[in-house]
Amino acid sequence: MSLFYDSLNKRTAREFKWRKRKFKQNKPCAICGKKYPSDEMMVAHIKPVSELSDYDALYDTSNWEVRCLYCERRLNKEKDNAVGAN
């Protein structure tokens with residue numbers, strides 16, 4: 001994701017990070033339903049970034065969900081295992 005932020009000017013990158021911080025504030029994980037401290041939560045795209053049509057779609061909060069880092073790691077591990085099995 002740092003490549004994404006590097007592609008933005010500093011002001012836009014700061015604004016995007018601020019929007020994500022506000023979006024995840026006091027929300028439970030969309031997967032397990034637990035609430036963790038903000039630094040253990042993240043904003044994920046429901047539809048993968050690779051499938052989005054343009055940068056504007058990255059800002060569409062209807063495609064955002066809050067996940068805890070634990071569920072995100074588990075989901076990524078499951079995806080990696082599924083790719084390796086093929």
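Each residue takes its place number in the sequence, starting with 1. Every value quoted in this text rests on a predicted model; they were computed, and no experiment measured them.
- For the pair M41/C29, a side-chain contact is recorded, criterion being any heavy-atom separation below 4.5 Å from C-beta on.
- Note that the CD1 atom of I31 and the CD atom of E65 stand 5.0 Å from one another [nearest 0.5 Å].
- A donor-acceptor contact shorter than 3.5 Å links the side chain of K35 to the backbone of N26.
- You'll find the side chain of R67 stays beyond 4.5 Å of the side chain of V43, heavy atoms only.
- Rounded to the nearest 0.5 Å, atoms CG (L75) and CZ (R73) are 12.0 Å apart.
- Put simply, the side chain of W64 does not reach to within 4.5 Å of the side chain of K24, judged on heavy atoms.
- Between K17 and E15, no side-chain nitrogen of the basic residue sits less than 4.0 Å from a carboxylate oxygen of the acidic one, so the salt-bridge criterion is not met.
- In this structure, K20 contributes its side chain and F16 its backbone to no donor-acceptor pair below 3.5 Å.
- Using a 4.5 Å heavy-atom cutoff, the side chains of M42 and V66 are not in contact.
- Contact between F23 and K27 at its shortest, heavy atoms only, is O-NZ, 2.5 Å.
- At least one donor-acceptor pair closer than 3.5 Å links the side chain of N63 to the backbone N or O of K47.
- Contact annotation: the side chain of R19 never approaches that of T61 to less than 4.5 Å [non-hydrogen atoms, C-beta and beyond].
- Annotation for C32 and C68: closest pair SG-SG, 3.9 Å, computed over non-hydrogen atoms.
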